[in-house]
Structure formats: C-alpha cells, structure tokens
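A quick write-up on the structure given underneath.
Residue numbers begin at 1 in each chain, while the letters A, B, ... track the order of the sequences. Side-chain atoms are counted along with the backbone in the values below, which use heavy atoms only and exclude waters and symmetry mates.
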Amino acid sequence: MSNGVLVDISKCIGCRSCQTACRTWNDLPVKTSQNTNQWDVPVELDADTWTRVSCYLAGEGNERRWRFVKRQCMHCNEPACESACFTHSFLKTEEGPVIYKPTELNKDYCVGCRYCMIACPFNVPKFQYEKTFPYVQKCRFCYDRLLENERPACITACPTGALKYGDRQTLLAEARQRINSNSNYVKHIYGEKEYGGTSWMYISDVPFEQLGFKTSVSEKSIPSYTWQALKWTPYIFAGWGAMLTAMRFFTKPKEEGHNEAEMYAPVDPKE
Amino acid sequence: MYGRNWSFRITWFRILLIISVLIAAAASLYRFIYGLGAVTNLNDQWPWGLWIGFDLLCGIALAGGGFSTALVVHVLHRDKYLPIARAALLTSLLGYIISLASLLLDIGRWFNFWRPFFYWGFHSVLFEVFWCISIYTTIQVLEFGDIFFEKVKCPSLKKILGYMITPLLILGIVLPTLHQSSLGSLFIVAVDKLYPLWWSMLLPFFFVWSAFFLGPAMVTIEGTIASRAYGRDPELPVFQSMTRITTWMMIIYFIIKMIDLNYRGVFGMAFNGSHESNMFLIEMIVFVLLPIFMYAIPSIRNKLWGVVTASVLVVVGVVFNRMNVVFTGMARSVGGSYFPSAWEFLITLGMWSFLALAYLFIVENFAILPKEGHAHSNSTATYGTHFPA
C-alpha cells in the first residue's frame with residue numbers, strides 16, 4: 001500500500017505548526033534569523049529545513065486573499081533523484097516515502113555529486129555545504145514513524161485538517177469528491193499526474209500558478225525521459241565498436257605505412 | 001636520438017605557472033579539510049558551478065581532439081593527419097586528468113569517489129559518464145605508454161602494449177563517444193528546468209557531435225601555440241585540410257538544431273528577446289554560422305590567421321554552448337545566484353596551469369610533435385612573436 005498526503009490549501013491558516021513539528025521530530029537545528037519583516041522564514045527549504053510554509057497574496061480585487069502552501073519533498077511515484085543517483089542512495093519505498101541513505105547497508109554510499117539536486121523537478125534535495133563531509137537532506141516522510149504505524153509528525157501537528165494522511169488511491173478519490181462537490185475549488189489535483197504522479201497531492205481554491213506551483217508540466221516521469229536516451233548505450237557500444245573495427249581493417253593500407261617512431265621527436269626548447 | 005636526458009627549462013612564465021599550481025594545491029587541500037562551503041560559492045540553487053560547468057564539461061569537450069583524431073588517423077588511416085595525432089592524444093589525456101581532478105574536488109564526500117564502481121546505479125546517466133571517463137582515461141594512459149616506452153626502454157611492456165593497441169584504439173573511440181553524448185544526456189533530466197532552446201532529447205547527439213567537430217579546431221589552436229612557443233612551422237596544410245571535416249559537421253549540426261527547434265515548436269523562442277534567446281542567437285550566429293563561412297571561404301581558410309581565428313570561434317563556441325546549458329539555461333528555473341569565488345577561480349587556474357606545464361614537459365622529453373620539416377618544406381619560423389614557453 002502506497003501512502004500519500006492530501007494538502008487542502010483552502011484549509012491552511014499558515015500557523016506553521018507542521019514546520020515546528022518537523023524540526024522537533026527530526027531534531028533539526030534552528031538558525032537565528034534577522035527580522036526581515038518577511039512572513040516566510042526561512043525563505044527557502046535548506047539542509048536543516050525539510051518543510052516550510054510559504055505565503056501568497058492571490059486573486060484580484062475583492063477576491064484577494066492570503067493563501068499558505070506547505071512545501072516539502074513531493075515523494076514522486078517515480079523519483080528523478082532515485083534515477084539520477086549512481087550509488088543507489090535514494091529509494092522509493094513501498095510505503096510511499098522516497099528516502100535518502102535508505103538502508104543500514106548503503107547508508108554511506110553517497111558521493112556528494114549533487115546530481116539529485118539538478119534532477120529534482122521541484123528543487124527539493126538540499127546540501128550541507130558548511131560540513132566537511134556533507135550529506136544531502138530532504139523530507140523523508142517520517143519513514144521511521146510510518147513503520148511504527150504512526151502518522152508523519154507534520155500531519156499530527158496540523159490543527160485544521162489541511163493535511164490528510166492515508167492510502168494514495170483513497171486520498172485521490174476523496175480529493176476528486178471534494179473538488180467536484182464544491183465549486184470554489186480549482187478542478188485539478190496537483191500531484192495526481194505531474195511527473196508521473198506524486199505521493200503528496202494538493203487541492204486549492206486559488207489557481208496553482210498563483211501559488212508558486214510549476215504548472216503544465218510533463219505527465220511523464222523524469223526517469224522515463226532519461227531511460228529513453230540511456231537504453232541505447234549497449235547497442236551504441238556494440239554497434240559503433242563493430243563498425244570501427246571493420247573500418248580499421250577495411251581501410252588498412254596494404255604496405256606498412258609510416259614508421260611512427262621515426263616521425264616524431266622531442267622538442268628541443270632552444271631559443 | 002633518445003640519448004638526451006630528462007630536461008625541463010625554467011623560464012619566468014613557467015615559474016608563474018608553477019606558483020599558480022602551488023596556490024591551487026594549497027586551496028584544494030583546504031577544501032578537502034573544511035568542505036565545499038568554505039571555499040566555493042556553491043549553494044542549494046546552484047549545486048554545480050565553475051568546476052563542473054567549466055573544468056569538467058568544457059575540459060572534456062576540449063579533449064574531444066583525442067577521439068576525433070584517433071578515428072581519422074587510426075581507424076580511417078588518413079595518414080596525412082599523422083603529424084598531429086600524438087599531440088592530440090596528449091592534450092586529450094591531460095584534459096581528462098583535469099576533469100577527473102575537478103570531479104574529485106567537487107564531490108562532497110570525496111573519499112567515497114570509488115562507490116559507483118561497486119554500487120551500480122545504472123539508471124543514472126552519471127553512472128555511464130563516470131565509468132566511461134575513468135576507463136577511457138586509463139586507456140589513454142596505456143596508449144601513451146606506447147610513446148613512453150620509446151624513451152624509457154622496456155621492450156617486454158612495449159610488446160604487450162603493441163598487441164593491445166587495436167582493442168585499445170577501438171575502445172578509445174567508443175567510450176568517449178558514449179560519455180561525450182551522456183554528458184548531454186545528463187541534462188535530459190532537467191525537463192522543464194533547462195530553457196527549451198537548449199533542452200532536447202537530442203542533447204546527447206548535440207554534445208557528442210560538437211565535441212567531435214571541435215577536435216580539429218582544438219588541434220589547430222594547440223598546434224599553432226606549440227609552433228609559436230618552440231619557433232617551429234605550424235602544420236598549416238594539415239589544419240586546412242581538417243577544416244573540411246569541421247565545416248561539414250557544423251553544417252549538419254546547425255541543420256539538425258533548426259529541425260529540432262521546429263519539431264518541438266520552440267523556434268520562435270529564439271527571437272523572443274529574452275536573455276536566453278539573445279545568448280542562443282549569439283551561440284548560433286557568432287560561434288556556428290560565422291566559423292562555417294570562414295572555413296568555407298578559401299581566401300580566409302588558406303591563411304594561418306583565418307584558420308586559427310575560425311578555430312578559436314569553434315572552440316569558444318562549444319565552451320559557450322556548455323555554459324549556456326549549465327548556467328544561462330538553468331537560471332530562470334532554479335533562481336538564486338551564483339558567481340564563482342576567488343578560490344574557485346584560483347583552483348581552476350591552477351589546474352589549467354598544470355596542464356600547460358605537463359604539456360611542455362612531455363613534448364620536450366617525449367616524441368610527440370613531428371620532426372621539423374617532416375610534413376612540409378623546411379623554413380625558418382617567422383610567425384609572430386614567440387611565447388616565452
């Protein structure tokens with residue numbers, strides 16, 4: 001059973017309890033920040049901030065309203081990070097979470113190449129630049145809690161029911177029912193199909209493009225794009241190799257050509 | 001003729017290069033101890049910077065002279081290009097060593113660099129790149145062994161290498177073909193992130209094709225610099241005849257690029273006035289069309305300045321293209337900002353200084369460049385001022 005979370009943006013009041021719960025459960029350090037008069041602090045996800053709530057003033061005229069969007073790893077069904085990693089440091093688990101350094105066995109395979117950061121369409125993985133031997137950091141969907149049949153920390157902290165945890169298919173059905181029964185909702189479930197679908201899904205009463213979502217993106221998963229190119233590797237290797245060998249023998253001159261050793265000489269650095 | 005002992009002339013220019021290498025070595029040591037954040041300006045928005053974008057991607061592209069020359073000389077047996085074959089192999093080998101060094105510098109957990117050899121993430125493009133680059137560098141070292149053992153006498157080893165030469169040569173073309181293209185495939189993953197003027201499923205083709213046609217241009221530049229530095233005649237006839245390869249390949253490159261843009265329906269974006277579109281137009285007009293015309297016009301191609309200027313445009317153009325893919329094309333989607341720190345520049349400078357020093361040392365001690373007067377009539381060198389090599 002693959003689990004997911006349905007985020008109902010219309011229900012979020014921006015209290016940021018989820019942000020605090022995440023920090024507490026995962027023991028992530030807090031950075032003291034200057035008062036910048038900015039609502040969302042920290043402004044971006046970083047190695048020590050696996051989730052954060054960003055605010056948007058959306059809509060026009062009398063319809064203008066504040067909306068709050070919780071961000072974290074989307075836990076793709078076919079994650080780009082997993083496919084991009086050349087040491088198997090990411091894993092999409094059966095339960096739904098995409099986790100880094102997945103098992104006891106490969107907990108230290110990561111080379112720190114940061115290709116996962118290039119690959120992620122949502123720019124989620126972050127890097128501990130200040131450490132000598134840094135790791136990649138991102139939301140792990142409280143995989144440890146899920147294994148104990150507990151809900152993720154952020155879900156337990158949400159006071160308004162904006163976050164709902166459960167089986168992904170059940171959540172999808174509920175999302176569909178919610179957006180169809182209430183005309184305020186945008187008729188789209190973000191994460192249902194984006195990049196092959198994600199475990200975290202959003203519904204909203206404000207168009208997604210006004211809330212910082214990347215809309216009209218590919219419905220094909222990112223690994224499927226890469227694989228389209230990568231699958232040719234063995235054929236190119238064999239075919240091109242055979243062709244070159246054939247050409248080398250075919251064009252070989254009958255008589256022995258130049259004696260290479262007689263042709264070149266070290267340079268005398270005279271001036 | 002190989003009776004000469006090892007020699008390395010020290011000049012002021014070379015002392016400068018050595019200082020630059022030492023500074024880079026010290027800075028690298030500092031980076032290995034204190035981490036990337038202490039030395040670089042890399043950040044969460046810009047995980048790949050100067051070392052990957054320039055030293056790795058461009059270094060490897062510039063080393064493309066190695067495999068294109070190998071194909072022309074050793075597979076197609078076009079002997080008239082023999083004079084430049086060894087120099088091309090040498091610069092290519094040095095380019096790969098630099099790329100591997102910058103890769104080691106750039107990876108966060110550098111002591112783990114060997115992991116991909118054992119834990120096969122074969123669904124990653126980087127896996128293919130990593131394997132091909134490391135094996136191909138080994139192969140180039142072995143190919144160079146053939147030259148090395150001409151000076152350092154060791155008949156048994158030379159004989160073994162002699163038996164291996166055909167498979168080495170073939171692998172030495174197949175592997176770079178694969179990974180030059182997969183350097184392009186690396187960015188297929190950036191669907192919706194890389195600006196559509198550059199993102200394409202044909203990225204692997206564009207990368208390997210441009211690395212190949214850049215080869216002759218790079219060899220031309222290297223050959224000209226080397227001939228000036230050592231007061232020799234440049235191999236002008238070889239350079240000129242190589243322009244045919246580059247010209248045709250660039251025309252095909254340009255046509256396929258246009259077809260690809262049309263097919264994906266983004267042709268209009270080239271003229272939408274954005275920063276990306278301007279950079280794209282510069283790339284296409286100045287660095288693709290202009291050199292094609294310069295190569296095509298005999299009165300330009302037949303002069304040294306003409307062929308060298310056009311070749312510089314080709315080489316800078318490929319670098320420009322790689323920079324556009326890594327930086328220009330990604331900027332809009334990833335946000336943030338990145339400009340390399342002084343240390344990143346100094347380490348880069350040190351690596352390329354090392355390349356120059358190694359090149360000088362090797363051509364002065366091994367039979368790399370053709371004997372004077374071999375390829376064409378003998379005359380005293382009169383081409384411009386000499387670099388203080």
Could you look at [X] and say if it's the side chain, the backbone, both or neither that has a heavy atom under 4.5 Å from chain A?
| X | value |
| --- | --- |
| B:Ile33 | backbone |
| B:Ser333 | backbone |
| B:Phe130 | side chain |
| B:Phe8 | neither |
| B:Ile52 | neither |
| B:Ile147 | neither |

Among [options], which residue forms the greatest number of heavy-atom pairs with chain A at distances under 4.5 Å?
| options | result |
| --- | --- |
| B:Val334, B:Thr166, B:Ile188 | B:Thr166 |
| B:Leu126, B:Leu103, B:Leu76, B:Ile368 | B:Leu126 |
| B:Ser124, B:Gly37, B:Gly336, B:Gly35 | B:Ser124 |
| B:Trp110, B:Phe113, B:Phe187 | B:Trp110 |
| B:Phe127, B:Phe32, B:Trp48 | B:Trp48 |

Is there a donor-acceptor pair closer than 3.5 Å between any side-chain N or O of A:Thr251 and the backbone N or O of B:Val75?
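A pair under 3.5 Å: yes.
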
Without swapping roles, check the side chain of B:Arg115 against the backbone of A:Phe86 for a donor-acceptor pair under 3.5 Å.
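Absent.
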
| field | All side chain to side chain contact (heavy atoms under 4.5 Å, CB included) counterparts of A:Pro223, not counting sequence neighbours | value |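 If we apply the side chain to side chain contact (heavy atoms under 4.5 Å, CB included) test to A:Pro223, skipping adjacent residues, the hits are A:Glu78, A:Ser83, A:Ser221.
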
What part of [X] gets within 4.5 angstrom of chain B, counting heavy atoms only: side chain, backbone, both, or neither?
| X | result |
| --- | --- |
| A:Gln128 | neither |
| A:Ala246 | neither |
| A:Lys131 | backbone |
| A:Leu244 | both |
| A:Phe249 | side chain |

### Task
List the atom of A:Gly241, the atom of B:Ile170, and the distance in Å for their closest heavy-atom pair.
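Closest approach of A:Gly241 to B:Ile170, heavy atoms only: O-CG2, 3.6 Å.
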
Minimum-distance pair of heavy atoms, taken over all atoms of B:Lys371 and A:Tyr264 |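 Heavy-atom minimum between the residues: CE-O, 3.8 Å.
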
When you compare the side chain of [Y] with that of [X], does any pair of heavy atoms fall below 4.5 Å?
| X | Y | result |
| --- | --- | --- |
| A:Glu44 | B:Gln45 | yes |
| B:Asp44 | A:Tyr129 | yes |
| B:Val191 | A:Lys220 | no |
| B:Arg109 | A:Tyr135 | yes |

Original post:
Mind checking which of residues 211-219 of chain A sit less than 4.5 Å from chain B, heavy atom to heavy atom?
Top reply: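 At a heavy-atom separation under 4.5 Å, chain B is reached by A:Lys214, A:Val217, A:Ser218.
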
ask   = Hey, which residues of residues 112-125 of chain A are touching chain B, say heavy atoms under 4.5 Å apart?
value =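 From residues 112-125 of chain A, the residues near chain B are A:Gly112, A:Cys113, A:Arg114, A:Tyr115, A:Met117, A:Ile118, A:Ala119, A:Cys120, A:Pro121, A:Asn123.
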
Q | Of all pairs that satisfy side chain to side chain donor-acceptor pair (under 3.5 Å), the ones with a partner from residues 230-246 of chain A, not counting sequence neighbours | A |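 Qualifying pairs: A:Thr233-B:Glu128, A:Trp240-B:Thr177.
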
